[in-house]
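Have a look at the structure below before the remarks.
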Amino acid sequence: MIIQLEPAISSADKDAILSKVKSLDYKTNEVKTQRGSYVVAIGKKEFDIRQLGNLKGISDIHRVSDDYKLVSRKWKVNRTAIDLGDGVAIGDGSLAIMAGPCSIENEAQVQKTIDHLVKNGVKIMRGGVFKPRSSPYAFRGLGIEGLKMWHTLVRKAGIKIITEVMQVSQIADMIDYVDVFQVGARNSQNFNLLDELGKVDKAVMLKRGISGTIEELLYSAEYVFAAGNEKLILCERGIRTYEKASRNTMDINAIPILKEKTHLPVVADPSHGIGIREYVDSVALAALMAGADGIIYETHQEPEKAASDGQQTLDFEESERLINKMRKAFELLHSF
Ligand code: PEP
Ligand code: MN
């Protein structure tokens with residue numbers, strides 16, 4: 001059960017609500033986010049909800065049968081949009097495109113990417129400065145200095161930044177330079193990181209774990225929300241299966257399922273989803289047709305020279321073609 005509290009509730013009224021709920025054999029969790037205050041009550045006992053009706057300070061009560069509560073659509077039927085400022089939003093009914101290299105490499109690469117994005121009206125640039133790599137000898141990113149360089153260049157173009165945070169200690173250094181924190185597939189269930197991201201007032205995009213279930217992704221989102229941050233976006237990026245013909249198996253099924261289960265925006269990453277440059281556009285279009293609110297993909301001026309993930313990275317011509325196709329597909333879908 002989710003009890004939404006009135007913004008100006010007195011502490012006496014809140015205490016009265018908490019003790020009443022506890023007396024009904026429910027465990028209470030107080031949640032305060034950028035948008036509201038809630039009591040998430042966990043328990044099994046059936047009771048007449050009118051027992052809470054005469055308490056002061058409650059603006060709404062919802063029974064949520066799912067085990068995750070705050071991210072459930074059973075509570076909030078209207079979809080949540082994530083506003084990044086300056087007219088850029090994810091999940092507001094527009095098509096969100098996030099494009100850029102796997103890794104931020106140098107100033108020239110960043111500037112070329114920005115020019116490509118500006119030319120095509122893309123408002124969110126992706127790129128990694130802290131890179132999770134399977135091998136410790138692979139390029140692991142430029143770190144915080146790279147993020148600062150990128151931020152300086154990108155701000156002049158009015159473009160937003162999404163980039164991966166790998167550990168709690170990086171959050172404070174990154175926060176002034178990031179618009180969306182990305183939690184990578186390998187950290188999808190790093191609960192300490194999720195808890196800490198619950199304390200920041202920045203959007204967070206959670207990727208599905210490499211072997212993670214849809215439900216586990218929803219629970220990860222619940223962690224961040226319950227810790228105080230409801231600016232959340234979920235990302236399907238393919239899962240590990242027995243199939244070897246592609247890097248991962250893009251789970252298109254997850255998109256309509258997630259959209260049904262949660263009010264949060266759902267985006268797709270076809271680059272990691274299939275891992276093969278030639279097929280990125282097919283998977284991107286499939287994800288949009290399945291209901292994704294946006295697409296995040298990798299592009300680089302010379303993919304064959306990219307410091308990471310070149311095999312799944314589009315060059316700028318391919319990227320421009322994909323952007324045009326996605327816009328047409330999105331329009332078509334919304335005309336049905
Ligand atoms: C990335 O976005 O470059 C990345 C490492 O993604 P994932 O965590 O999905 O593997
Ligand atoms: Mn990558």
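Counting starts at 1 for both ligands and their atoms, following the listed order. Only heavy atoms go into these numbers, but all of them, side chains included; no hydrogens, no water, no symmetry mates.
- Residues Phe330 and His334 meet the side-chain proximity criterion, which asks for heavy atoms closer than 4.5 Å.
- A donor atom on one side chain and an acceptor atom on the other are found under 3.5 Å apart for Glu230 and Tyr38.
- Of the angles at the Mn ion (ligand 2), the one spanning OD2 of Asp309 and NE2 of His272 is 90° when given to 10°.
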Working note: Leu147 + Ile144, criterion side-chain contact (heavy atoms from CB on, under 4.5 Å); need CA distance, chi angles, decisive distance, verdict. CA-CA 5 Å; Leu147 179 59; Ile144 195 72; 3.9 Å; yes

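- No side-chain donor from either of Thr313 and His300 sits under 3.5 Å from a side-chain acceptor of the other.
- Counted by atom type alone, Gln4 and His62 present one or more donor-acceptor pairs between their side chains at under 3.5 Å.
- Closest N/O/S atom of Glu298 to the Mn ion (ligand 2): OE2.
- In this structure, Phe316 and His116 have parallel ring planes: the angle between them is below the 30° cut-off, well short of the 60° mark.
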Could you list, one pair per line, each nitrogen or oxygen of ligand 1 together with any protein nitrogen or oxygen closer than 3.5 Å, giving atom names and the distance rounded to 0.1 Å?
from: ligand 1; atom 1: 2 (O); to: Arg126; atom 2: NH1; distance (Å): 2.8
from: ligand 1; atom 1: 2 (O); to: Arg126; atom 2: NH2; distance (Å): 3.4
from: ligand 1; atom 1: 2 (O); to: Gln182; atom 2: NE2; distance (Å): 3.0
from: ligand 1; atom 1: 2 (O); to: Lys207; atom 2: NZ; distance (Å): 3.2
from: ligand 1; atom 1: 3 (O); to: Arg126; atom 2: NH2; distance (Å): 3.0
from: ligand 1; atom 1: 3 (O); to: Lys131; atom 2: NZ; distance (Å): 2.9
from: ligand 1; atom 1: 3 (O); to: His272; atom 2: NE2; distance (Å): 3.2
from: ligand 1; atom 1: 3 (O); to: Glu298; atom 2: OE2; distance (Å): 3.4
from: ligand 1; atom 1: 6 (O); to: Lys207; atom 2: NZ; distance (Å): 2.9
from: ligand 1; atom 1: 8 (O); to: Ala185; atom 2: N; distance (Å): 2.7
from: ligand 1; atom 1: 9 (O); to: Lys207; atom 2: NZ; distance (Å): 2.8
from: ligand 1; atom 1: 9 (O); to: Arg237; atom 2: NE; distance (Å): 2.7
from: ligand 1; atom 1: 9 (O); to: Arg237; atom 2: NH2; distance (Å): 3.4
from: ligand 1; atom 1: 10 (O); to: Arg186; atom 2: NH1; distance (Å): 2.9
from: ligand 1; atom 1: 10 (O); to: Arg237; atom 2: NH2; distance (Å): 2.8

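- Here the straight-line distance linking atom CD1 of Ile171 with atom CG of Leu193 works out to 5.5 Å at 0.5 Å rounding.
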